[in-house]
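Beneath this line is the structure, given in structure tokens, with notes to follow.
So that the names make sense, note that chain A is the first sequence line, chain B the second, and so on, each numbered from 1. Values reported hereafter were calculated over all heavy atoms of this structure, with side chains retained and with hydrogens, waters and symmetry mates removed.
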Amino acid sequence: MYTLIKNIDTARRGEFSTIHGTVQTPAFMNVATTAAIKGGLSAQDLEDIRCQVMLCNTYHLHLRPGDDVVATMGGLHKFTNWKRPILTDSGGFQVFSLAKLRKIKEEGVYFASHIDGHKIFMGPEESMQIQSHLASTIAMAFDECVENPAEYSYSKNSCDRTTRWLKRCKAEMTRLNGLETTINNKQLLFGINQGCCFDDLRIEHMKEIRELDLDGYAIGGLAVGEPKEEMYHVISAVEEYMPKDKIRYLMGVGTPGNILEGVKRGVDIFDCVMPSRNARHGHINTWNGIINIKNAKYLLDESPIDPECDCPVCRNYSKAYIRHLFKAEEMLALRLSVIHNLYFYNNLMEKIRNSLDDGTFSVFYEKYVELLDTRI
RNA sequence: GGGAGUGUUCCCGAGCGGCCAAUGGGGGCAGACUGUAAAUCUGUUGUCUACGACUUCGAUGGUUCGAAUCCAUCCGCUCCCA
């Protein structure tokens with residue numbers, strides 16, 4: 001249940017209560033695709049870096065270890081020992097990212113497993129069943145994330161199909177939540193807006209799905225190659241048709257600058273692989289921009305990644321040491337970098353919330369919207 | 001003491017008369033990454049007054065229109081026989 005605490009223009013400060021606790025928004029969800037943060041972070045680590053929501057993936061967990069296994073183990077919370085909310089993505093993004101390995105039909109999508117090539121079918125019902133087995137706090141609707149650019153006619157057909165799939169998702173989720181054997185029978189369902197970069201499709205689709213009175217609404221299919229101005233335009237275009245009393249999720253976004261733009265346009269929650277993936281590749285967020293810790297200039301740099309940061313990494317280690325760990329291919333390099341970057345994102349959201357609380361969001365936005373995405 | 005090899009750009013290692021500034025790895029340097037098939041991928045790595053020029057393949061001298069590639073001597077290393 002979403003409560004809007006405060007509005008500053010279209011920006012929203014709110015909170016979202018679930019059976020696994022309350023999420024202060026705007027918030028960033030930390031991506032743990034296979035029920036683990038890549039780079040070697042545990043649920044305990046996530047608590048330490050002030051993560052509010054963990055995000056896992058339906059497709060990946062269905063393949064390994066199998067949602068039946070997770071269900072037998074008591075659901076994702078018990079399995080991972082993460083106590084707070086978990087959002088599971090539906091597999092819709094894999095319809096996009098595994099494009100070479102799948103075929104889309106009305107009933108659903110046929111995948112060839114990226115692991116061993118065996119055939120997998122996933123439709124709205126299957127996705128809901130898997131997510132019910134995983135027992136996440138929030139299930140995402142099974143959608144098609146369309147590539148960009150896409151033809152208008154293709155986008156429209158896909159969008160219509162995603163709406164039909166959403167109705168099937170809702171029906172199946174209602175059924176599953178009514179079963180006695182369901183681990184989490186309060187599982188929430190978020191719908192996903194699609195429509196590529198066509199305003200009329202986006203708006204029409206949003207109007208249709210808001211009628212379904214879901215627990216939250218996501219904007220999907222963005223940050224898939226379109227210019228960022230186009231992404232911001234789509235968010236603004238669709239925002240006014242999103243229910244005010246429901247949480248809004250911008251899927252897969254993004255850079256700190258993208259997040260500030262999203263918050264400004266009324267988005268409540270975000271997720272993105274960038275902080276963790278970039279960390280693994282040595283690209284580290286700081287309050288002065290992005291550094292590449294592997295660069296030779298840090299060879300003898302005894303200062304922390306960011307003197308303004310009070311994360312466990314910045315309090316204890318120098319740039320020179322972390323650079324060395326990368327060069328020596330020590331896995332601690334990945335772990336420390338991921339801890340820092342995710343802390344940075346979680347901390348960024350906290351600062352955004354504080355600035356909304358005390359009315360200084362526009363100052364915060366102006367100061368950081370460009371700076372944080374700049375390479376230094 | 002006798003015999004057989006071998007010496008290549010930061011390292012390993014191809015090349016055995018012109019298409020060689022010299023394959024391929026490694027290392028170095030840099031870049032990309034947005035609901036994670038991603039501890040991955042890409043570029044670059046002799047010098048310069050840079051679509052051309054110059055200096056390199058143990059050293060020196062030679063053969064040739066032309067040599068990292070052939071010859072001679074020397075130096076270093078390796079192996080075998082005594």
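Here B:A82 sits opposite no nucleotide as a Watson-Crick or G-U wobble pair (both hydrogen-bonding atom distances under 3.5 Å). Remark: B:U40 base-pairs with B:A32. Criterion, Watson-Crick or G-U wobble with two distances under 3.5 Å. Across every strand in view, B:U73 sits in a pair with B:A59 that passes the Watson-Crick or G-U test at under 3.5 angstrom. Base pairing annotation: B:G24 forms a Watson-Crick or G-U wobble pair with B:C12, both donor-acceptor distances under 3.5 Å. A 3.5 Å limit on both hydrogen-bonding distances identifies no Watson-Crick or G-U partner for B:A50. Base pairing of B:G18: its partner is B:C65, meeting the Watson-Crick or G-U wobble criterion (both donor-acceptor distances under 3.5 Å).
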Do any N or O atoms of the protein come closer than 3.5 Å to N or O atoms of nucleotides 42-47 of chain B, and which pairs are they?
none

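A distance of about 12 Å separates the C1' atoms of B:A68 and B:A14, rounded to the whole Å. On the C1' atoms, B:G31 is 16 Å away from B:A38, given to the nearest whole Å. The gap from the P atom of B:G43 to that of B:U49 amounts to 27 Å, rounded to the nearest Å. Atom P of B:G76 sits at a distance of 40 Å from the matching atom of B:A53, rounded to the whole Å. Comparing B:A22 with B:U8, their C1' atoms are spaced 9 Å from each other, to the whole Å. One C1' atom belongs to B:U73, the other to B:U63, and the distance between them is 15 Å to the nearest Å. Straight-line distance between the P atoms of B:G5 and B:C70: roughly 13 Å, to the nearest whole Å. Spacing between B:G28 and B:U34 at atom C1', rounded to whole Å, works out to 30 Å.
Here A:N295 reaches the OP1 or OP2 of B:A30: one of its side-chain N or O atoms lies under 4.0 Å away.
When each of A:L334 and A:A296 is assigned the nucleotide of RNA chain B bearing its nearest heavy atom, the one mapping closer to the 5' terminus is A:A296.
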Exercise. Can you give one letter per nucleotide of nucleotides 33-38 of chain B, going 5' to 3': B for a protein heavy atom under 4.0 Å from the base, S for sugar-phosphate only, - for none?
Worked result: BBBBBB
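Both tests pass for A:K351 against the ring of A:W287: distance under 6.0 Å to the centre and angle within 45° of the axis.
Linking Ile, Leu, Val, Met, Phe, Trp and Tyr residues whenever their side-chain heavy atoms come within less than 4.5 Å places A:L342 and A:W82 in a single cluster.
Of the N and O atoms on the side chains of A:H20 and A:T137, at least one donor lies less than 3.5 Å from an acceptor on the other residue. Between the side chains of A:N346 and A:N30, at least one donor-acceptor pair of N or O atoms lies under 3.5 Å.
Going from atom CG of A:N285 over to atom CG of A:N278 covers 7.0 Å, rounded to the nearest 0.5 Å. Atoms CZ and CG, on A:F96 and A:L98 in that order, are 10.5 Å from each other to the nearest 0.5 Å.
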Donor-acceptor pairs are to be reported for all side-chain atoms of residues 238-250 of chain A against protein atoms at under 3.5 Å, with residues two or more places apart or in another chain.
| from | atom 1 | to | atom 2 | distance (Å) |
| --- | --- | --- | --- | --- |
| A:E239 | OE2 | A:R248 | NH1 | 2.9 |
| A:E239 | OE2 | A:R248 | NH2 | 3.2 |
| A:K246 | NZ | A:D213 | OD1 | 2.6 |
| A:K246 | NZ | A:L214 | O | 2.8 |
| A:R248 | NE | A:P243 | O | 3.4 |
| A:R248 | NH1 | A:G266 | O | 2.8 |
| A:R248 | NH2 | A:M242 | O | 3.4 |
| A:Y249 | OH | A:D271 | OD1 | 2.7 |

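In summary, A:K156 and A:D160 engage in a salt bridge, as defined by a charged side-chain N under 4.0 Å from a carboxylate O. Using a 4.0 Å cut-off between charged nitrogen and carboxylate oxygen, A:R161 and A:E106 do not count as a salt-bridge pair.
Atom CG of A:L299 is separated from atom P of B:A30 by 11 Å (rounded to the nearest Å). Between the CZ atom of A:R323 and the C1' atom of B:A30 there is a distance of 12 Å, rounded to whole Å. A:K294 places its NZ atom 11 Å from the P atom of B:A39, with the value rounded to the nearest Å.
Not less than 6.0 angstrom separates the ring centroid of A:F361 from the ring centroid of A:F364.
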